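Step one of this worksheet: look at the structure below.
Fair warning: this is a prediction, and the values are worked out from it, not measured in the lab.
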Amino acid sequence: MHCDPRFSRVREVFERHFADGEELGAAFAVYQDGELVVDLWDGVADRNTGRPWERDTPAFAYSCTKAVTATVLLQLAERGLVDVSAPVAEVWPEFAARGKAAITVEHLLTHQSGLPVLEEPVPVEEFEDQAAIAARLAGQEPLWEPGTAHGYHALTYGFLVGEVVRRVTGKSVGELVAAEIAGPLGLEMWVGAPDDVIPRTARLKAAERPQALKVTEAGAAPTGEGAALAGAGPAATGESAATPGAGPAATGGGAATGAGPAATGGSDGGQGRPGDLVAAMTRAALDPQSLMNRALGNPAMHRVKGGANNPVILRAGWPAAGLVTTARGLAGFYRSLAAGDILRPETLRDATRTRVNGPDRVLLLDTAFGLGYMRPSLTFLMPSGSAFGHSGMGGSIGLGDPERGLGIAYVMNKMANALSGNLRGIRLVEAVYQSL
């Protein structure tokens with residue numbers, strides 16, 4: 001392990017998480033101005049066998065994938081192969097069906113297309129057939145008028161953006177990541193793990209059974225350190241499923257930090273009352289038929305043994321939730337983005353400009369997005385307004401900050417409780433900024 005003395009606070013926080021029993025296995029990495037200043041790992045990669053977490057142990061990082069997928073599409077846009085402002089149907093004619101002719105590529109990247117759920121259950125046989133899943137979405141009608149609202153497209157984001165990529169290049173997002181990003185830059189990251197990577201991937205441990213949130217007398221703070229929507233339901237990993245589908249809570253990176261009043265930006269019909277919002281979030285997270293859980297639960301990972309630990313899922317390379325990476329690999333991705341090695345600086349500046357910000361129709365809390373990248377909000381708590389990136393269900397985080405020359409990533413295998421929140425990664429990120 002390596003930690004520059006300037007960042008000793010980061011190591012202290014990392015070690016405290018293990019000492020307090022908050023971690024099973026985890027890794028955290030930081031690049032500053034191109035230099036690897038923090039590279040930490042500890043714990044066990046597989047609690048069943050006791051296999052230790054090694055320097056090259058990768059982990060399944062759920063929605064951290066979305067930023068990588070956006071970057072692939074933006075590379076194509078730089079080459080003139082995709083016009084982000086143009087209708088999706090220009091490259092995918094079948095997509096125009098059922099009132100979707102005006103949906104643009106930007107609408108897909110900013111979660112505004114109105115297609116956050118797959119209406120029909122996806123059979124296991126299609127889990128590795130992304131084009132077939134995309135065809136299902138092409139036949140659907142939007143749930144709201146595209147461009148008038150945004151709602152987190154937890155899984156459909158990847159099948160939609162991925163199909164645009166496939167139509168333009170004939171290749172999958174995973175193939176282009178390997179050929180254009182990870183391979184040339186020597187990054188340990190895959191959207192769809194190769195057969196030789198799967199055996200050394202960390203095995204996820206399901207979160208505890210979700211419990212309803214409670215509201216204090218002030219109507220403010222959920223119990224525990226975090227608010228809702230910070231973790232993965234047990235069904236996401238296929239272990240001791242507590243709820244149908246993939247489990248509640250898509251955001252993964254932590255929502256409000258227990259300061260409940262900050263959550264008033266969300267919308268649940270409660271006219272901004274924190275207690276009403278928390279209650280609505282609780283109901284949605286525990287209701288298998290809520291838009292939140294429908295967005296997360298199809299394709300249903302729990303339908304294969306082991307869920308996200310199953311080679312079928314690790315290999316599938318879903319462009320919204322298929323990234324297998326080491327912390328060093330994901331941090332290196334953001335290091336290279338910030339340095340202009342993957343996208344031109346002007347492209348990245350435009351892509352990280354906030355396009356939507358406010359109540360999210362799926363997550364209820366406020367969310368903020370550029371072109372596929374999360375911006376600081378209640379669901380992407382960052383100490384810096386210039387940070388961008390994406391969190392992943394269960395707690396993983398990847399982010400870049402060009403103003404400070406940072407690339408940061410955290411991966412782990414102990415999934416956060418779906419309703420109690422996860423601040424492990426956020427604490428580590430905060431410690432980085434406090435060390436600057």
Side-chain angles (χ1 to χ4, degrees), residues 58 60-79 81-84 88 91-92 95 105-111 113 115 118 122 126-138 152-185 187-195 197-198 201 299 301 308 312-325 329-330 332-334 336-337 342-343 347-348 351 369-374 389-390 392-393 396 398:
F60 189 72
Y62 284 98
S63 287
C64 291
T65 318
K66 290 181 175 68
V68 179
T69 295
T71 303
V72 168
L73 189 139
L74 291 168
Q75 284 186 321
L76 300 179
E78 281 192 339
R79 298 167 190 170
L81 298 176
V82 176
D83 182 350
V84 173
V88 173
V91 298
W92 181 4
F95 185 78
V105 176
E106 180 171 339
H107 287 149
L108 303 186
L109 290 168
T110 55
H111 304 265
S113 73
L115 296 166
L118 280 149
V122 175
E126 284 186 18
F127 278 19
E128 296 187 76
D129 189 347
Q130 295 177 32
I133 299 174
R136 291 174 177 272
L137 287 165
Y152 190 58
H153 289 41
L155 293 174
T156 59
Y157 167 99
F159 301 121
L160 293 166
V161 177
E163 184 64 9
V164 171
V165 170
R166 191 183 73 84
R167 293 283 175 140
V168 170
T169 67
K171 297 180 179 180
S172 70
V173 168
E175 289 173 320
L176 291 173
V177 168
E180 305 287 343
I181 299 175
L185 295 172
L187 302 176
E188 302 160 310
M189 57 183 292
W190 305 267
V191 178
D195 288 343
V197 171
I198 290 173
T201 299
M301 291 184 186
V312 169
I313 302 300
L314 296 173
R315 187 171 52 237
W318 293 350
L323 181 67
V324 176
T325 182
L330 186 55
F333 166 75
Y334 283 101
S336 297
L337 266 181
I342 300 177
L343 297 173
T347 301
L348 184 63
F369 294 96
L371 295 179
Y373 303 114
M374 280 183 161
H390 218 289
M393 187 163 68
S396 50

Practice problem: State, with a plain yes or no, whether a side-chain heavy atom of Leu155 is found less than 4.5 Å away from one of Ile133. | Solution: no
Quiz prompt | Sole candidate of Leu108, Val84, Leu176, Val168 that passes side chain to side chain contact (heavy atoms under 4.5 Å, CB included) when paired with Leu73 | solution = Val84
Quiz prompt | Between Thr69 and Tyr157, a side-chain donor and acceptor under 3.5 Å | solution = no
Practice problem: Could you pull out the closest heavy-atom pair between Ala321 and Met301, with the gap in Å? | Solution: O-CE, 4.2 Å
Quiz item: For Gly170, does its backbone N or O pair with a side-chain atom of Glu175 as donor and acceptor, under 3.5 Å?
Solution: no
Quiz prompt | N/O donor-acceptor pair under 3.5 Å between Thr325 side chain and Glu188 backbone | solution = yes
Self-check item: Nearest non-hydrogen partners of Pro58 and Val197, listed with the distance
Solution: CG-CG1, 3.9 Å
Exercise. May I have the step-by-step check of salt bridge (charged side-chain N to carboxylate O under 4.0 Å, His left out) for Glu180 and Arg79, ending in yes or no?
Key: CA-CA 13 Å; Glu180 305 287 343; Arg79 298 167 190 170; 3.2 Å; yes
Quiz item: Shortest non-hydrogen contact from Ala67 to Tyr334?
Solution: CB-OH, 3.2 Å
Quiz item: What closest approach, in Å, do Ala131 and Glu163 show between heavy atoms, and which atom pair accounts for it?
Solution: CA-OE1, 3.8 Å
Quiz item: Side-chain contact, heavy-atom cut-off 4.5 Å: Pro299 with Phe159?
Solution: yes
Practice problem: Just say parallel, tilted or perpendicular for the rings of Phe369 and Tyr152, cut-offs at 30° and 60°. | Solution: parallel
Exercise. Check the angle between the aromatic planes of Trp92 and Phe95 and answer parallel, tilted or perpendicular using the 30° and 60° thresholds.
Key: tilted
Quiz item: Should Ile342 and Leu185 count as side-chain neighbours, where that means a heavy-atom distance under 4.5 Å?
Solution: yes
Exercise. Look at the side chain of His153 and the backbone N and O of Leu115, then say whether any donor-acceptor pair between them is shorter than 3.5 Å.
Key: yes
Quiz item: Would you say Lys66's side chain and Ala154's backbone share a donor-acceptor pair under 3.5 angstrom?
Solution: yes
